[in-house]
Amino acid sequence: WRATRELFAGPETRVGARDIFSLWSAPPFGLRKGMHPVVLTAFLLAHKGNVAVYRDGVFVPSMSDADINEFLQDETRFSLRWITIDADKSKILSGISQILRDIGRGGSAEDPLEAARALVSMVFGLPSWSQRTQRLSKDAKEVRDTLMRANDPHKVLFVDLASILGTGSGDGYVEALRAPLTELATAYEAMLSQIEASMVEALDASESDLAGLRSRAEAVAQATGDLR
């Protein structure tokens, strides 16, 4: 593992699967080709919090059976990237976990891959209206749109979102991210409540007297024809 880790020269370096296999095939390892996928799987599992997998340059959140089949057909399409976590980034990841719990989205985000998955999952789990509406603050729209087109966990967390929020420091980042995520999580319910309040006001009724409104509706229904 140490020799493989040394292939990753820096945080932006992507190492092709074939380059890793070449290392393992050469002395002093001499690993046979048939064992390459097995050992690579073990490497990924042992370092799942630090290694991101890319297919054709696009981040693969988790390797599916189809991904494994494509890998076996052509490993040159796949590359790996080592993500290093410092104290400031750890604070950001802990903060993201806390925000998600606070807004009822739960889960733990102890590494960039899990944090990115949790945020993207939250956005794609929003009602369709929330995914498309422009009736949000500028930051909420930019955070939503960035997460919906995310293809790199490190870049989306520590570059793209940091740029939108105007800060990359731990505490400042977390506090700046809280408001847009909370707005996204509550936007649909807030819209429905606004529509309900507008309808009640237009009908000159009271939200506390829905029984009276229902009685008025029944009276109108009895007095009018079927206009469908």
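Atoms considered below: every heavy atom in the structure, side chains included; atoms not considered: hydrogens, waters and symmetry mates.
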Pairs where residues 119-132 contributes a residue and the test side-chain hydrogen bond (donor to acceptor under 3.5 Å, both in side chains) is met, not counting sequence neighbours | none
Cluster overlap Met35 with Trp1, hydrophobic side-chain contacts below 4.5 Å | yes
Heavy atoms of Ala176 and Leu165 approach each other most closely as O-CD2, 3.5 Å
Rounded to the nearest 0.5 Å, how far apart are CG of Leu7 and CZ of Arg2?
-> 14.0 Å
Using the six-membered ring of Tyr54, assess whether NZ or CZ of Arg14 lies under 6.0 Å from its centre and within 45 degrees of the ring axis.
-> yes
Is the CE atom of Met148 crowded by more than 12 outside heavy atoms at less than 6.0 Å?
-> yes
Look up atom OG1 in Thr76 and atom CZ in Phe71, then write down how far apart they are to the nearest 0.5 Å.
-> 10.0 Å
CD1-CD distance between Ile20 and Glu75, expressed to the nearest 0.5 angstrom = 11.0 Å
Is there a donor-acceptor contact under 3.5 Å from the side chain of Tyr173 to the main chain of Leu157?
-> yes
Side-chain heavy atoms of Val143 within contact of Val123, under 4.5 Å | no
Begin with the C-alpha distance, continue with both residues' side-chain angles, and end with the deciding distance and a verdict on side chain to side chain contact (heavy atoms under 4.5 Å, CB included) for Lys91 and Val174.
-> CA-CA 8 Å; Lys91 186 178 293 185; Val174 172; 5.5 Å; no
What's the spacing between Leu161 CG and Glu142 CD if we round to 0.5 Å?
-> 10.5 Å
Is there a side-chain contact between Leu80 and Leu44, using heavy atoms and a 4.5 Å cut-off?
-> yes
Residues passing the side-chain hydrogen bond (donor to acceptor under 3.5 Å, both in side chains) test with Lys155, sequence neighbours excluded, are Asp160
same_hphob_cluster(Leu93, Ile164) at 4.5 Å side-chain heavy-atom cutoff | yes
Give, for atom CD of Glu70 and atom CZ of Arg55, the distance between the pair rounded to the nearest 0.5 Å.
-> 5.0 Å
Validation: residues 23-33 side-chain donor-acceptor distances under 3.5 Å, sequence neighbours left out:
from: Trp24; atom 1: NE1; to: Thr4; atom 2: OG1; distance (Å): 2.8
from: Ser25; atom 1: OG; to: Phe21; atom 2: O; distance (Å): 2.9
from: Ser25; atom 1: OG; to: His36; atom 2: NE2; distance (Å): 3.1

Is there any side-chain hydrogen bond (donor to acceptor under 3.5 Å, both in side chains) pair reaching into residues 176-195, and which pairs are they, with sequence neighbours excluded?
-> Asp102-Arg178, Arg135-Gln194, Ser137-Glu183
Any side-chain heavy-atom pair of Val51 and Trp82 under 4.5 Å | yes
With a 4.5 Å limit on heavy-atom distance, are the side chains of Leu136 and Thr133 in contact?
-> yes
Under 4.5 Å between any side-chain heavy atoms of Leu72 and Pro37, yes or no?
-> yes
Residues passing the salt bridge (charged side-chain N to carboxylate O under 4.0 Å, His left out) test with Asp139, sequence neighbours excluded, are none
Using a 4.5 Å cut-off on heavy atoms from C-beta on, say whether the side chain of Leu147 contacts that of Asp145.
-> no
Any residue meeting salt bridge (charged side-chain N to carboxylate O under 4.0 Å, His left out) with Asp65, in chain and number order, not counting sequence neighbours | none
Would you find more than 12 non-hydrogen atoms of other residues, nucleotides or ligands less than 6.0 Å from Asp204 atom CG?
-> no
Hey, could you give me the CG/CD1 distance between Leu177 and Ile92, rounded to the nearest 0.5 Å?
-> 9.5 Å
Heavy-atom pair of closest approach, residues Ala185 and Ile103 | CB-CD1, 4.1 Å
Would you say Arg101's side chain and Ile96's backbone share a donor-acceptor pair under 3.5 angstrom?
-> no
Val39 and Phe43: side chain to side chain contact (heavy atoms under 4.5 Å, CB included), yes or no, with the steps?
-> CA-CA 6 Å; Val39 178; Phe43 179 79; 5.6 Å; no
Are Phe78 and Asp56 close enough that some pair of their side-chain heavy atoms sits under 4.5 Å apart?
-> no
Do Val53 and Arg81 come within less than 4.5 Å of each other through their side chains, counting heavy atoms only?
-> no
